[in-house]
Asks: 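I have a structure I would like to understand better, so I am pasting it below and will then ask my questions one at a time.
One-based numbering, in listed order, for ligands and for the atoms of each.
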Amino acid sequence: MRRFLHITICVALLCGLGARCVRAETGADAWLRYAPLDKSVAEKFSALPESVVVLGDSPILNSANAELIRGIRGMLVRTLREEKNLPRESAIVLGPLSALRADSPKLFEQADLHEDGFLLATEKLHGIDCLIVTGTTDRGVLYGVFALLSRIARGESVSPLHEKQQPYAPIRWVDQWDNLDGRIERGYAGPSIFFENGNVRADLTRVGEYARLLASIGINGCAINNVNANPRVLEDSFLPQLARVADVFRPWGVRLSISVDLSSPKVIGGLDTFDPADPRVAEWWRKKFDDIYRQIPDFAGVVVKADSEGRLGPATYGRTPADAANVIARALAPHHGIVFYRAFVYNHHLDWTNPKNDRAKAAYDNFHPLDGKFGGNVIIQIKHGPIDFQVREPVSPLFSGLEKTNEAIELQVTQEYTGQQRHLCFLPPMWKEVLDFDMHAGERPTPVKDIVAGKTFHRPMGGFVAVVNVGMDANWLGHPLAMANLYGYGRLAWNPNLDSKTIAEEWTRLSFGNDPAVVQTISGMLRASWPIYESYTGPLGAGTLTDILGSHFGPGVESSERNGWGQWHRADHDGIGMDRTAATGTGYVDQYSAPLAKKYESLKTTPDELLLFFHHVRYTYVLHSGKTVIQHIYDSHYEGAEQAANLVQQWKSLKGRLDEERYAEVLNRLEFQAGHAIVWRDAVCNWFLQISGIPDKLGRAGHYPDRIEAEAMQLQGYVPFEVVPRETASGGKAIECAPPARECSAAFRFDGAAGQYEMDVEYFDQNNGKSKFRVLVDERIVDEWAADDHLPAAKPGGDSSTRRRIIGLALRPGDNIRIEGVPDGAEHAAVDYIEILPSPRP
Ligand code: GCW
């Protein structure tokens, strides 16, 4: 602690003396850095009271108190005095409303707060100026402290203060898809913070830190294990381990939940059935939850994925999701627990040859007929779109299809289909579109946010869930800027009326400080990033054109076709898109209310960005934008890749204004993204060029005048091979240095004019070896590196294709350029091509 204080004071002094305030950062502090404020900003808070009084005693109030002291000490380099009773001098007073009743009856009467809401108020208590932080619950007080500290960090005045905030909905949860062995399904930032080798981790420090982060954005529940649940979590011997996690969550007001497997009564319970209608099964669940609540009195409930992607469910016994949800709900009800039953129920063996089949219809078809049949403590958890977290989807029609059932929207912070934290993709703008979308389910506007919050159909419960998947990486999500998505999710779950600009700026200020250039640049980059990612990965609502059978990361245009998964875009020689109209298609549009069905039924009124989700059109079809579909595909991919490259430039403008660590880490990821955007661009453009036979009007697709294909170089040891699918390598081919070769080379003569150049080497970085590369110009080494990244790929292709940029190269005609590769393990130092462009780039 002393050391910590010492460092803080030194940093503060340096900052005060005008030195540039940059300190080493790992990202672990996320938006709770509490970095010392610049002197001019700190002065705004000189009138802040010197002491703090806590009215009451509970783990959550203790957290609130400790957090306040920590935050003020970090930002203002002042240590608040802790008083037991109201002092004679001005103070910050923390406590639930009930504790203020006697001292401030007026405040008590007028506060009008619901559960978890808070009030920050400058008031006189017994004639003394106080800054009061209060709520109906202790949790509200904690949220109030975080809000107060956030204001200070962003340099917003706090005196006088009268700010009341209420959460939009009671359910503000996160799910983690962590497996008990420590791996995380669709996690991109290291192993689980919860589990290791089949057990809850011995050291739960990170869990406590995570709970603190969650609390700071108003999250009040967390399901810690994968929805593809291991039945072992319910074994008697496992429950004490769960209790340890609940203990760590509790001081932060985060309630523990787990995902359960419906077949548990049979698999671990020793019954010969898990039929929800069997009384023995009901009894098993009842006993199980009684046991759990004995050990975890504030246990929140369970999440269920059933009859989906191979998970067992009520369909085994001809029962419905309502039967299954209710048997668990009845067992939880006496303890006030909740069941989140996921609407992600679909058949992944659909007959793709039948043009009427449509996976998008599944959630509504399965759940709409059951409306009103679910218990009062059941919430149907609905993914925001009808397919699966694609870069663009329409809003799920099920939101308006359940009027007598509690609902929660499921969003995804982990960027499964949106670049896996290798690409920058700030999702709040997408979520805002969904939350604000009017379902036309009544006389007055019925936006999704109101439906899920229970306001539209007067449901007692409902709200927001996001799959987050933080891991052991110090910065939680891998990409330092990806935490803006977790922050944004929390802020929107608390108040979906916030706009993305406010959220982006808040997050940037809290995470990187208040330098206007930093705030403007980073928040601008964040807000531009989803459209950029969309433009090179998923045109016009066709879905993310990724390898849907594997990693969900790189391009794989055809992987969605001719299989039962139902993520079809139906591209053929003539056209592309799923006909989901009522007139000629699958009839999906009829799941929406009449005005929306009408809108999507017609080509004229379907917005361009969703065209291919609803309609099958020819490549020559002219969009509202005036472009043909095929030209849009070419243009958007080229524009998107250019904008991705531009993100790198924007970031570079911040050099020296941020800590070196995060600066370098983000730069590294943005440079990867810029290269990978070109892989995407070329794969998608070439695939469509080939299948449609229609050239790019601007002559770009399929023509690469500055490229030297590796297979066309003079090879020693290297051997050409075909890359599958072919569009994921330039010209469909690359070269590899396969055993028994131990070192190979590929060379060519430079025949351009003398001058300064930049050279891009496109190579394949797999996760099953660490090849080494060297580039030589006339025997002079100009660059060398190891292919040691951890991309989701064990073979050359769109997932592993990586770009190395060599800058400041002086070249003369006749120069001999040679690339040498040393393979390692199953990674054969494969190379796709080299591209040489004048520097600076035209
Ligand atoms: O998006 C898909 C993922 C699966 C996931 C599933 C789900 C946990 O690819 O990994 O399983 O959705 O949401 O259940």
Side-chain angles (χ1 to χ4, degrees), residues 173-189 192 194-195 222-231 233 257-263 302-313 315 321 324-325 339-350 359-360 362-363 366-367 379-393 396 398 408-421 425 427 430 464-471 485 537-538 543-554 556 559-560 563-568 792 799:
W173 281 41
V174 295
D175 286 1
Q176 288 274 138
W177 287 350
D178 298 28
N179 295 320
L180 305 193
D181 65 6
R183 286 180 302 177
I184 305 180
E185 184 158 347
R186 314 299 175 188
Y188 310 107
S192 171
F194 296 100
F195 306 106
C222 175
I224 61 172
N225 62 312
N226 194 350
V227 287
N228 294 325
N230 186 329
V233 281
S257 160
I258 52 171
S259 298
V260 297
D261 184 287
L262 260 190
S263 67
V302 298
V303 184
V304 178
K305 172 178 179 180
D307 292 323
S308 168
E309 300 184 332
R311 309 304 301 174
L312 290 170
V339 181
F340 289 79
Y341 201 98
R342 295 177 85 226
F344 190 61
V345 174
Y346 72 102
N347 171 7
H348 68 284
H349 298 290
L350 273 187
R359 166 170 164 188
N366 283 309
F367 286 83
I379 294 177
I380 303 302
Q381 183 168 320
I382 306 169
K383 287 194 184 185
H384 64 83
I387 298 285
D388 193 4
F389 301 132
Q390 303 297 285
V391 69
R392 170 83 65 172
E393 290 187 47
S396 170
L398 186 57
I409 189 169
E410 182 178 303
L411 304 169
Q412 210 185 31
V413 165
T414 191
Q415 295 169 231
E416 177 183 357
Y417 280 97
T418 50
Q420 304 188 353
Q421 285 106 279
C425 193
L427 293 163
M430 177 209 261
F464 306 83
V465 178
V467 182
V468 178
N469 295 355
V470 297
N485 284 328
T537 59
T544 313
L545 299 176
T546 187
D547 173 12
I548 73 134
L549 300 174
S551 64
H552 301 181
F553 179 57
S559 65
S560 56
N563 59 50
W565 289 94
Q567 286 184 222
W568 310 313
D799 287 341

Asks: Scan side-chain atoms only and decide if Gln381 and Asp175 contain a donor-acceptor pair under the 3.5 Å cut-off.
Replies: yes
Asks: Which bit of Asn226 gets closer than 4.0 Å to ligand 1, counting heavy atoms only: side chain, backbone, both or neither?
Replies: side chain
Asks: Does Gln412 have a non-hydrogen atom less than 4.0 Å from ligand 1?
Replies: no
Asks: Using the six-membered ring wherever Trp is involved, compare the ring planes of Tyr346 and Trp565 and label them parallel, tilted or perpendicular (cut-offs 30° and 60°).
Replies: tilted
Asks: How long is the span from the CZ atom in Arg392 to the OG1 atom in Thr544, to the nearest 0.5 Å?
Replies: 11.0 Å
Asks: With heavy-atom distances below 4.0 Å as the criterion, list the atoms of ligand 1 near Arg186.
Replies: 3 (C), 4 (C), 9 (O), 10 (O)
Asks: May I ask you to list the atoms of ligand 1 that are less than 4.0 angstrom from any heavy atom of Asp388?
Replies: 1 (O), 2 (C), 12 (O)
Asks: Considering only the protein, which heavy-atom contact is closest to atom 8 (C) of ligand 1, and what is its distance?
Replies: Asn228 ND2, 3.3 Å
Asks: Taking all heavy atoms of Arg342 and all of Lys383, pick out the closest pair and write down the distance.
Replies: NH2-CE, 3.4 Å
Asks: For atom 6 (C) of ligand 1, what is the closest protein heavy atom, and at what distance to 0.1 Å?
Replies: Glu309 OE1, 3.2 Å
Asks: With no hydrogens and no angle check, just 3.5 Å: does a side-chain donor-acceptor pair link Asn228 and Glu185?
Replies: yes
Asks: Considering non-hydrogen atoms of the protein only, which is the closest contact for atom 9 (O) of ligand 1, and what is the distance?
Replies: Glu416 OE2, 2.6 Å
Asks: Can you name the atoms of ligand 1, numbered from 1 with element, that are less than 4.0 Å from a heavy atom of Phe344?
Replies: 6 (C), 7 (C), 12 (O), 13 (O), 14 (O)
Asks: Using a strict 4.0 Å cut-off to heavy atoms of Glu185, name the atoms of ligand 1 that fall inside it.
Replies: 4 (C), 5 (C), 8 (C), 10 (O), 11 (O)
Asks: Considering all heavy atoms of both residues, which atom of Trp568 and which atom of Ser560 are nearest to each other, and what is their separation?
Replies: CD1-O, 3.0 Å
Asks: Which atoms from ligand 1 have a heavy atom of Arg342 less than 4.0 Å away?
Replies: 7 (C), 13 (O), 14 (O)
Asks: At what distance is the nearest protein heavy atom to atom 12 (O) of ligand 1, and which residue and atom is it?
Replies: Lys383 NZ, 3.1 Å
Asks: Any idea which heavy atoms bring Ser192 and Asp178 closest together, and the distance?
Replies: OG-OD2, 2.7 Å
Asks: Shortest non-hydrogen contact from Leu262 to Ala324?
Replies: CD1-CB, 3.6 Å
Asks: Relative to the heavy atoms of Val227, which atoms of ligand 1 are at a distance of less than 4.0 Å?
Replies: 8 (C), 14 (O)
